[in-house]
Amino acid sequence: MTTVLGIETSCDETAAAVVDNGTDIRSSVVSSQVDLHARFGGVVPEIASRAHAELVSGVVAEALVEAGTDFGDLDAVAACHGPGLAGALLVGVSAAKALALTLDIPYVGVNHLEAHLHAAWLEDPTVELPLAVLIVSGGHTMVVIVEGDARYRLLGQTVDDAAGEAFDKVARYLGLGYPGGPVIDRLALGGDPGAVAFPRPMRGAGYDFSFSGLKTAVINHVRRHPDAEVHDLAASFQEAVVDVLVEKLVAAADAAGARTLVIGGGVAANSRLRTRVMEAAEESGRRALLPRLALCTDNGAMIAATAWWRLEADGPTDLSAGAYPSLTL
Ligand code: KG4
Ligand code: ZN
């Protein structure tokens, strides 16, 4: 058995988890900094790195206690080393390297995007490849085909705002607070998705996305109709985003002959997206692999799980490696 401690500090969650053999989650602790950043309407990098530095030891200790284990039982320690905020990443990377050095066990640097992708795999490690995967978070929107272990083909990505970023910006404009995704998701439940015909950007035009114009369309609509009903706005905006996301995921699956639709990243927690992906899978005789909610947003379990696969495939990461803010898949 291989027991891995995974640390995640790339953005505004300080998280740690203990995972056995890449699949068995023994603990997963997430300390969200949302309250610290909320009054600024978004993540403030300097505040994030300081908070990570203060929180990381306690979060790691809690993950070990929750797993009923301690440092001596760990076989490897991993941290997310990119992409993300430079100062924030460095906190997790430094903590993991220090532990690896002290405990004389391997260190593994993990790609955050690969980890979001693995979160769905955690639900079923035996799933048949290829997979059509939609990674939708606050910083990324991409459609990827997974052809084999660590073999990814990026089909398309956003040319401007990420999907989560669009949720956050629209929510901020509507005065709904940060992060915007969960609030819009909740409000949309009581709204009519057909109330406002917002544009479906880049529909039918390959696998790239664009959400900046949609955000502007919402702002312009509210300027013209200041008394617009917020539930209807939320539902109509969300429907436009989800329409485009699902359409491109299915098109990618068609092109690659993928029999499984997979989503990952914070926006994968969106209830409407989850329903629509399940419906799309059913309609096309496919399977939908949706990570449980706690594995959608940033967490340490996805880091520990990915590290286990990476350790098997490539061995440990050298301690001289750093943090990589603009790492790609
Ligand atoms: O993966 P994540 O935790 O961090 C990044 O890697 O960016 O994703 C955070 C993003 C935020 O933009 C947040 O608004 C969005 O995920 N999000 C959601 C929902 N929950 C989180 N968006 C839509 N619906 C949700 N339920
Ligand atoms: Zn993320």
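Counting starts at 1 for both ligands and their atoms, in listed order.
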For residues 201-210, dump all side-chain donor-acceptor pairs below 3.5 Å to protein atoms at least two apart in sequence or in another chain.
from, atom 1, to, atom 2, distance (Å)
Arg203, NE, Glu247, OE1, 2.8
Asp208, OD1, Gln157, N, 2.9
Ser210, OG, Asp160, OD2, 2.6

For [atom], which protein heavy atom lies nearest, and how many Å away is it?
atom                    : result
atom 24 (N) of ligand 1 : Asn270 ND2, 3.0 Å
atom 26 (N) of ligand 1 : Asp185 OD2, 2.9 Å
atom 22 (N) of ligand 1 : Gly181 CA, 3.2 Å
atom 14 (O) of ligand 1 : Asp168 OD1, 2.7 Å
atom 10 (C) of ligand 1 : Gly138 N, 3.5 Å
atom 20 (N) of ligand 1 : Gly266 O, 3.5 Å
atom 2 (P) of ligand 1  : Asp298 OD1, 3.3 Å

Quick one: sort the Trp309 and His118 rings into parallel, tilted or perpendicular, breaks at 30° and 60°.
tilted
May I ask you to check if any N/O/S atom from Cys11 comes under 2.8 Å of the Zn ion (ligand 2)?
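No, since none of the N, O or S atoms of Cys11 sits under 2.8 Å from the Zn ion (ligand 2).
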Taking N, O or S atoms only and a limit of 2.8 Å, check whether His112 reaches the Zn ion (ligand 2).
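Here the distance criterion (N, O or S atom, under 2.8 Å) is met by His112, so yes.
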Name the residue from Asp12, Thr14, Thr9 that meets the side chain to side chain donor-acceptor pair (under 3.5 Å) definition with His52.
Thr14
Determine whether any heavy atom of Cys11 lies closer than 4.0 Å to an atom of ligand 1.
no
At less than 4.0 angstrom from any non-hydrogen atom of [X], what atoms of ligand 1 do you find?
X      : result
His112 : 6 (O)
Thr297 : 3 (O)
Gly139 : 7 (O)
Pro179 : 14 (O)
His116 : 1 (O), 6 (O)

Could you tell me whether the side chain of Ile105 reaches within less than 4.5 Å of the side chain of Phe71, counting heavy atoms only?
no
Taking the side chain as every heavy atom from C-beta outward, state whether Tyr173 and Val218 have any pair of such atoms under 4.5 Å apart.
no
Is Lys169 salt-bridged to Asp161, cutoff N-O under 4.0 Å?
yes
With a 4.0 Å cut-off on N to O distance, would you call Glu128 and Arg287 a salt bridge?
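No, Glu128 and Arg287 are not salt-bridged.
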Between [X] and [Y] (side chain of the first, backbone of the second, donor and acceptor by atom type, cut-off under 3.5 Å), is there such a pair?
X      : Y      : answer
Asp298 : Ser10  : no
Tyr324 : Gly322 : yes
Asp232 : Gly191 : no

Please name the pair of heavy atoms, one in Leu290 and one in Met278, separated by the smallest distance, quoted to 0.1 Å.
CD1-CG, 3.7 Å
Pairs of nitrogen or oxygen atoms closer than 3.5 Å, one from Gly164 and one from ligand 1: do any exist?
yes
Contact partition for His140 relative to ligand 1, non-hydrogen atoms under 4.0 Å
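Neither; no heavy atom under 4.0 Å.
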Which atom of Asp298 approaches the Zn ion (ligand 2) most closely (N/O/S):
OD1
